[in-house]
J.: 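Can you keep this structure in mind? I'll have questions shortly.
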Amino acid sequence: METLYWKDNTLFLLDQTLLPHEIEFYECKTYHEVINAIKTMKVRGAPAIGVSAAYAMALAELAGVDLNKAGDEIKSARPTAINLFWAVDQVLKAVNDGKSAVDTAIMMEKEDIAINKKIGEYGNTVISDGDTILTHCNAGALACAGYGTALGVIRAAHDADKNIDVICDETRPVLQGARLSVFEMQEENIPVRLIVDGAAGHMMQKGEVDKVVIGADRVAKGGVANKIGSLMVALAAKRYDIPFYVAAPISTFDFENEIFDTTIEERNSDEVLKINGGYISRKDTNVENPAFDIVESDLITGIITEEGIKKPL
Ligand code: MRU
C-alpha cells in the first residue's frame with residue numbers, strides 16, 4: 001500500500017478522503033499544497049504527517065523559501081501529532097548541518113518504514129496464536145510512510161503465521177477505522193470485523209477481545225494522546241483485564257511536556273453534523289468535535305517502539 005511517494009520534485013499523496021472506493025493521488029508541487037493536504041486530512045496519521053511535513057520542507061527548499069518561515073507555517077497545519085513538529089525540526093537541523101532538505105525527507109521516509117517493521121517485530125512477541133485484536137482509528141500503512149505501527153504489529157503476527165483476527169472500531173466522525181483499517185486488512189486477507197464505536201465495550205464484556213493495540217499522536221509524561229474514543233476503549237479494556245498496547249515510534253515521544261499540556265485539535269462541526277453530505281441533526285446544533293483524547297499511563301500495558309516495549313512515561 002503506497003501512502004505517498006516523491007517523483008520529479010513532486011510529492012504524491014494517496015488521497016485518504018476518497019478511500020476505500022477511489023484510489024487517487026494528490027499532487028503537491030508547493031509546500032502550501034502539502035499544508036492543505038494535512039489540514040484536509042488527505043494525508044493523516046502521525047508518522048505520515050511527519051514524513052509529508054519533511055517533504056513540504058523539501059518543496060520549500062526547492063522554491064528558495066526561507067525554511068524557518070516555511071517550517072512555522074507547516075507546523076501550524078495540525079496541533080496534536082508531535083511528529084509534525086519533530087519532522088520540521090529534523091529537517092532544519094539537517095540543513096544547518098549542510099544536508100539538503102530533499103535528501104533528508106527521502107531518508108526520513110525510508111527510516112519510517114524500517115522503524116515500523118521493528119515495531120512489528122517487538123509487537124509480535126505479545127500476540128498469541130488465536131488472538132482477536134481490537135484497534136481504534138487507523139495506525140496502519142496509510143498513517144505512516146508504509147507498514148504501520150498498530151497494524152504493523154498485526155501484519156507481523158499474521159506474517160508469522162499466527163491465526164489472528166481483527167476488530168476495527170469505525171472511529172466516528174472521520175471513520176478511519178471503517179474506511180482505512182478495514183480496507184488495509186482486507187487487502188491482505190487478514191480476517192477483520194467492523195463494529196460501531198459504541199460496541200467495543202460489549203465485545204470485550206462478551207470475551208471477544210484478547211488484546212487492544214492502538215497508535216499514538218503523542219506519548220508524554222502521564223499518558224498518550226490518540227484518536228478520540230481511545231480513552232473509552234482503554235477504560236473498557238481495564239474493566240475486563242484486557243492488555244492495552246500502544247504502538248508508536250520514538251519520534252512520537254514528547255519527553256519535555258506533560259500529556260495534559262497537549263493541544264487537542266477541535267475540528268469542524270460538519271464532520272459530526274453531516275453524513276454523506278446530508279445533515280443528521282439540525283444545522284444550528286451546538287457541536288463539540290475534539291479529534292483526540294488522552295489515555296492515562298495506568299491504563300496502558302506497554303508502548304511498543306522500535307527500541308522494544310517500554311513502560312508509559
Ligand atoms: O486524525 P488522524 O486520522 O490523523 O488521527 C490518527 C490517529 O489518531 C492515529 O491513531 C495516530 O496518528 C497514530 S498513526 C500510526
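When a ligand or atom number is given, it counts from 1 through the structure's own listing order.
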J.: Is atom NZ of Lys310 surrounded by more than 12 heavy atoms (other residues, nucleotides or ligands) closer than 6.0 Å?
T.: yes

J.: Return the residue, atom name and 0.1 Å-rounded distance of the protein heavy atom closest to atom 14 (S) of ligand 1.
T.: Ala143 CB, 3.5 Å

J.: Identify the protein heavy atom lying closest to atom 6 (C) of ligand 1, giving its residue, its atom name and the separation to 0.1 Å.
T.: Arg44 NH2, 3.5 Å

J.: Side chain or backbone of Lys227 under 4.0 Å from ligand 1, or both, or neither, by non-hydrogen atoms?
T.: both

J.: Counting only heavy atoms not in Asp284, do more than 12 sit closer than 6.0 Å to its CG atom?
T.: yes

J.: For ligand 1, note which part of Arg78 has a heavy atom under 4.0 Å away: side chain, backbone, both or neither.
T.: side chain

J.: Who's closest to atom 15 (C) of ligand 1 heavy-atom-wise, of Val43, Ile82, Asp112, Thr149?
T.: Thr149

J.: Find out whether the Lys NZ or Arg CZ of Lys42 is both under 6.0 angstrom from the six-membered ring centre of Tyr26 and within 45° of the ring's axis.
T.: yes

J.: Is it possible for you to check whether Lys7 lies under 6.0 Å from the centre of the six-membered ring of Phe12, through NZ or CZ, and within 45° of that ring's axis?
T.: no

J.: Would Tyr5 and Phe25 count as a close aromatic pair, with their ring centres under 6.0 Å?
T.: yes

J.: Does Glu265 have a heavy atom less than 4.0 Å from any atom of ligand 1?
T.: no

J.: For ligand 1 and Gln176, I'd like to know whether there is a polar contact (N/O to N/O, distance under 3.5 Å).
T.: yes

J.: Give me the residue, atom name and distance of the protein heavy atom closest to atom 9 (C) of ligand 1.
T.: Asn226 OD1, 3.4 Å

J.: Which residue and non-hydrogen atom of the protein lie closest to atom 12 (O) of ligand 1, and at what distance in Å?
T.: Ala46 N, 2.9 Å

J.: Should we say atom NZ of Lys162 is surrounded by more than 12 heavy atoms from elsewhere, each under 6.0 Å from it?
T.: yes

J.: With clusters built from Ile, Leu, Val, Met, Phe, Trp and Tyr whose side-chain heavy atoms come within less than 4.5 Å, directly or transitively, what are the remaining members of the cluster of Ile228, listed by chain and number?
T.: none

J.: I'd like to check the ring pair (Phe, Tyr, Trp, His ring centres under 6.0 Å) partners of Phe244; sequence neighbours left out, ordered by chain and number.
T.: none

J.: For Met41, take its heavy atoms, then give the atoms of ligand 1 lying under 4.0 Å from any of them.
T.: 1 (O), 2 (P), 3 (O)

J.: Considering only protein heavy atoms, which is closest to atom 11 (C) of ligand 1, and at what distance to one decimal place?
T.: Asp217 OD1, 3.2 Å

J.: Which is closest to atom 13 (C) of ligand 1 by heavy-atom distance: Ala48, Ala216, Cys137, Ser181?
T.: Ala216

